[in-house]
Amino acid sequence: LALLWHDRLLKAVRKRATRGDPQSVISAIDHFCRHNEWAMNVGDEKGSILDSVVSEVNPEKVLELGTYCGYSTVRIARLLPPGARLITLEFNVDYAAIARQVIAWAGLEDKIQLVEGASEDWIPRMKEHFGIETFDFVFLDHWKDRYLPDTKLMEDCGLLRKGTVLLADNVICPGVPDYLEYVRNSLSYKSCYFKSHLEYTKAEDGLEKSVFLG
Ligand SMILES: C[C@H](C[C@H]1O[C@@H](n2cnc3c(N)ncnc32)[C@H](O)[C@@H]1O)NC(=O)c1cc(-c2ccc(F)cc2)cc(O)c1O
Ligand SMILES: [Mg+2]
């Protein structure tokens with residue numbers, strides 16, 4: 001059933017969005033999720049906070065944990081300067097297949113590398129497999145109990161540099177208490193909270209922005 005639903009999402013994108021126009025893909029997904037069927041995309045409200053942080057950082061090297069249908073992948077990639085690269089990890093093959101088509105419709109394939117696999121398996125391989133030394137910006141939006149272990153793993157793999165910005169979705173709903181406690185109390189991070197709402201609802205949620213201090 002989930003696959004059928006995602007096919008309907010893709011049809012809505014193809015019907016409403018203009019190929020090669022990322023903004024129209026974003027609007028089509030938001031319209032579908034608000035008026036047809038809710039989905040766990042970061043959404044338009046938190047999405048505009050994501051946009052402002054990405055624009056401020058203007059990153060060359062981006063990592064996204066949890067692609068899902070590719071909505072935030074497109075939101076981020078559309079703002080990247082020429083030559084910048086986004087690597088996004090998704091371990092659910094069905095979601096990855098949907099995301100590839102959403103990314104293609106937006107015309108952003110050449111900025112995005114979608115890797116099918118688990119973050120814990122791929123984070124240690126970023127250097128040797130992708131030639132990435134450090135990331136400038138990381139968007140955390142995968143299983144909420146993976147935010148903290150994967151952040152520690154990125155530290156241990158030397159993938160964070162002085163000034164790297166981590167932006168975490170869902171810090172209130174579903175919530176990531178252990179991650180929040182860590183980034184807010186660690187001397188290695190400067191953290192701040194952007195209050196918002198759970199995508200397409202009135203429930204509170206928010207994004208936590210944490211700058212790695214090295
Ligand atoms: C976790 C999901 C997002 C995706 O992440 C992939 N994934 C996972 N762990 C890994 C990994 N370790 N490596 C690679 N990919 C990985 C998965 O397959 C999903 O496609 N996101 C959520 O569950 C999520 C849930 C809600 C939500 C809020 C209120 C409710 F009542 C119900 C749901 C809101 C959100 O905004 C979310 O983001
Ligand atoms: Mg999320």
Side-chain angles (χ1 to χ4, degrees), residues 1-7 9-10 26 29-30 32-34 37-51 53-54 62-76 86-103 112-126 129-130 132 135 137-157 159 166-180 183 193-210:
L1 185 70
L3 214 53
L4 269 178
W5 170 77
H6 287 97
D7 271 346
L9 175 90
L10 268 180
I26 291 162
I29 294 173
D30 283 330
F32 180 82
C33 295
R34 201 174 276 287
E37 301 177 65
W38 185 87
M40 56 187 174
N41 315 112
V42 73
D44 44 358
E45 192 181 317
K46 288 187 289 178
S48 59
I49 299 168
L50 170 62
D51 288 357
V53 174
V54 171
V62 177
L63 176 63
E64 175 180 59
L65 303 177
T67 316
Y68 186 43
C69 293
Y71 174 90
S72 49
T73 322
V74 166
R75 275 205 90 109
I76 296 167
L86 190 165
I87 295 174
T88 183
L89 307 181
E90 172 56 58
F91 67 26
N92 178 307
V93 292
D94 296 327
Y95 291 150
I98 304 285
R100 283 192 203 290
Q101 297 175 76
V102 166
I103 289 162
I112 296 163
Q113 210 152 357
L114 196 165
V115 179
E116 285 173 36
S119 51
E120 54 271 28
D121 300 336
W122 281 94
I123 285 171
R125 300 171 62 189
M126 283 298 155
H129 202 88
F130 297 101
I132 297 267
F135 285 105
F137 179 78
V138 183
F139 183 52
L140 296 93
D141 194 19
H142 57 333
W143 287 151
K144 310 315 162 191
D145 62 1
R146 289 298 320 169
Y147 284 27
L148 182 52
D150 283 347
T151 296
K152 290 181 171 172
L153 185 57
M154 287 188 285
E155 288 174 18
D156 297 345
C157 295
L159 288 170
L166 305 187
L167 190 66
D169 188 25
N170 309 119
V171 297
I172 302 297
C173 175
V176 281
D178 60 344
Y179 173 81
L180 273 192
V183 290
Y193 173 61
F194 292 85
K195 182 177 163 68
S196 183
H197 295 94
L198 177 68
E199 47 268 29
Y200 318 114
T201 77
K202 293 190 175 9
E204 181 178 347
D205 190 19
L207 301 170
E208 186 81 3
K209 175 190 169 191
S210 308

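Every number for a ligand or one of its atoms is a count from 1 in the order of the listing.
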Could you check whether any side-chain N or O of [X] sits under 3.5 Å from a backbone N or O of [Y], counting only pairs where one atom can act as donor and the other as acceptor?
{"X": "D205", "Y": "S196", "answer": "no"}
{"X": "K144", "Y": "H142", "answer": "yes"}
{"X": "W122", "Y": "T88", "answer": "no"}

Quick check: [X] and ligand 1, any N/O pair under 3.5 Å apart?
{"X": "Y95", "answer": "no"}
{"X": "H142", "answer": "no"}
{"X": "N170", "answer": "yes"}
{"X": "D169", "answer": "yes"}

Legend entry - Proximity flag G117 to ligand 1, non-hydrogen atoms under 4.0 Å: yes
Inset, instruction - Look at atom 12 (N) of ligand 1 and say whether a protein heavy atom is found at less than 4.0 angstrom from it. - result: yes
Min side-chain heavy-atom separation [X]-[Y] under 4.5 Å:
{"X": "M126", "Y": "L63", "result": "yes"}
{"X": "V171", "Y": "F194", "result": "no"}
{"X": "D30", "Y": "Y200", "result": "yes"}
{"X": "F91", "Y": "T67", "result": "no"}

Legend entry - Three-point angle N170:OD1, the Mg ion (ligand 2), D169:OD2, rounded to the nearest 10°: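 With the Mg ion (ligand 2) as the vertex, OD1 (N170) and OD2 (D169) sit 80° apart.
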Legend entry - Ionic contact status for E116 with R100, cut-off 4.0 Å: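 A salt bridge links R100 with E116.
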Among all protein heavy atoms, pick the one closest to [atom] and tell me residue, atom and distance.
{"atom": "atom 24 (C) of ligand 1", "result": "M40 SD, 3.5 Å"}
{"atom": "atom 10 (C) of ligand 1", "result": "F91 CE2, 3.5 Å"}
{"atom": "atom 4 (C) of ligand 1", "result": "E90 OE1, 3.7 Å"}
{"atom": "atom 38 (O) of ligand 1", "result": "D141 OD1, 2.8 Å"}
{"atom": "atom 34 (C) of ligand 1", "result": "E199 OE2, 3.2 Å"}
{"atom": "atom 1 (C) of ligand 1", "result": "W143 CE3, 3.0 Å"}

Inset, instruction - Could you check which N/O/S atom of D141 is closest to the Mg ion (ligand 2)? - result: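 The nearest such atom is OD1.
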Legend entry - Passing candidate, ring pair (Phe, Tyr, Trp, His ring centres under 6.0 Å) with Y95, options W5, Y71, Y68: Y68
